[in-house]
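Reviewing the structure listed below.
Residue numbering restarts at 1 for every chain, and letters A, B, ... go by the order of the sequence lines. No hydrogens, no waters, no symmetry mates; every other heavy atom, side chains included, goes into these values. None of the values given here were measured: they were computed from a predicted structure.
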Amino acid sequence: GEDVEQSLFLSVREGDSSVINCTYTDSSSTYLYWYKQEPGAGLQLLTYIFSNMDMKQDQRLTVLLNKKDKHLSLRIADTQTGDSAIYFCAAGGGYNKLIFGAGTRLAVHP
Amino acid sequence: EAEVAQSPRYKITEKSQAVAFWCDPISGHATLYWYRQILGQGPELLVQFQDESVVDDSQLPKDRFSAERLKGVDSTLKIQPAELGDSAMYLCATTAPGGTSGGGEQFFGPGTRLTVL
């Protein structure tokens, strides 16, 4: 079955860029998503990319997809303390179930 | 902005007791999902509904878990009897027909955090 893997922890300085990486195994995944989860809260959809795209930019967020290597990344420009959260990569889409990674905890320090 | 509603937000129960969680989807969202998120892990799908019909319940422990969506709107997830290993966050998500640009994005509720003692 589908497997999604992420690094577990990332620490960055406020104002720097953050890059969170994700790999997945099922090349038939239609969409790839990035969700954000703050402590005690549900998941907030940040952005998604269709599998035939290479890049998507949305304000401070840039998603890069390398379909050949099944590698997805999320870049957050000018990282702020309010960006501290857990970020989940998920694969699936088209009303099918999502397969989530274990999440990357982003810590932003002054 | 419309949101997925869940209740209760927190539930503490003793093992062997019965618990129930409720989800009210965004109006018009026909597809509804229940996920379980164990601390430190990503969410895993328990059951998926399309309107009132179950589409996927392959990961639902059917000896103790049940889910229903009788009128194709709100949904209830029940555990009976609860076990210590059921302690987790239970998340409900819904999807609009067509999604945004056909993305079928899932919108999540705030979750119910269950603690089994």
[X], [atom1]: over 12 other non-hydrogen atoms inside 6.0 angstrom:
| X | atom1 | value |
| --- | --- | --- |
| B:Leu39 | CG | no |
| A:Lys56 | NZ | yes |
| A:Gln57 | CD | yes |

Assigning hydrophobic clusters by single linkage (Ile, Leu, Val, Met, Phe, Trp, Tyr; side-chain heavy-atom cutoff under 4.5 Å), is [X] placed with [Y]?
| X | Y | result |
| --- | --- | --- |
| A:Tyr35 | A:Ile20 | yes |
| A:Leu45 | A:Tyr31 | yes |
| B:Leu46 | B:Met89 | no |

Pairwise distance CD(B:Glu105) to CG(A:Leu46) - rounded to 0.5 angstrom: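 The distance works out to 12.5 Å.
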
With a 4.5 angstrom heavy-atom cut-off, which part of [X] approaches chain B: side chain, backbone, both or neither?
| X | value |
| --- | --- |
| A:Gln44 | neither |
| A:Leu43 | both |
| A:Phe50 | neither |

What part of B:Gln37 lies closer than 4.5 angstrom to a heavy atom of chain A: side chain, backbone, both or neither?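 Just its side chain gets close to chain A.
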
Residue selection (most heavy-atom pairs with chain A, distance under 4.5 Å) from B:Pro43, B:Cys92, B:Gly111, B:Gly109: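 Option with the greatest count: B:Pro43.
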
Verdict with supporting geometry, A:Leu98 and B:Tyr35, side chain to side chain contact (heavy atoms under 4.5 Å, CB included): CA-CA 10 Å; A:Leu98 295 181; B:Tyr35 287 86; 3.7 Å; yes

